[in-house]
Amino acid sequence: MKNAEKKGRFLVFEGIDGSGKSTQIINIKNRILKQGEICFQTCEPSGGPIGSLLRQYLSGRMKADEHTLAALFAADRLDHLLNETDGIYGQLKKGVHVLCDRYFLSNYAYQGATTSLDWVMQLNEAARKTIKPDCHIFIDVEPDIALERVAAGRAHRDLYETKERLSKVRDTYLALIDQLKKEECILVIDGNQPENRVFEDIWEGISQLF
Ligand code: TMP
């Protein structure tokens, strides 16, 4: 467990595709920067070698079964955490705050919904034991609204961007949050509200960390 060496705050943003995570990460980053502190914004799949491979599956350029994808997402997470170039762990150790778009709850919710949740949890144990997020921020949005936002932002849909899949993923997220709320700090935000209200609710929930 490396939590003792961690000096920066580690915030992860979760939600179904189109939930507005990217917008809110920028809003929160700007708010923290205003306090004169340093932030590192990142995402999963990461920009590393395994994350780049995963983007090919998500766009439909390559195909693989769900178990293979589940294992690749977990491997990307460990590399994202521990790689010596720009790994999350190294940033936190330097006192930089890390804002990460998706973390292990995404693996649980997206692949746990179609493979075995226990198995996906085991795949993530190494990452979970390495660093515990200070807070998981789950932005909860209705799948219909999320898909409208996805359609407004780009012409193609990624692998999981169907109403059926996103509804299943959202239900899995909500059940998981209920199950994990004693072990993890998880903030549930109503993402169906206007952007500034969503931001205010998130900041109210995390401002005491800064
Ligand atoms: P995003 O860049 O829009 O967040 O899309 C990333 C996609 O990858 C999204 O559909 C969710 C999916 N994903 C998983 O299925 N499992 C994971 O562990 C992660 C990190 C992402």
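Atoms within a ligand are numbered from 1 in the order they appear, just like the ligands themselves. Fair warning: this is a prediction, and the values are worked out from it, not measured in the lab.
- Across all non-hydrogen atoms, the minimal contact from Arg9 to Leu92 is O-CD2, 3.5 Å.
- Looking only at side-chain heavy atoms (C-beta outward), Phe40 and Leu99 stay at 4.5 Å or farther from each other.
- Asn124 places no side-chain N or O within donor-acceptor distance of the main-chain N or O of Ala74, the cut-off being under 3.5 Å.
- Under the 3.5 Å distance criterion, the side-chain polar atoms of Arg55 are matched with a main-chain donor or acceptor of Pro45.
- Between Ile131 and Ile88 there is no side-chain heavy-atom pair separated by less than 4.5 Å.
- For Lys21 and Glu14, the salt-bridge test fails: no basic side-chain N is under 4.0 Å from an acidic carboxylate O.
- Listed by chain and number, Asp17, Lys21, Glu44, Pro45, Arg55, Leu58, Phe73, Arg77, Arg102, Ser106, Asn107, Tyr110, Gln111, Tyr160 each place a non-hydrogen atom less than 4.0 angstrom from ligand 1.
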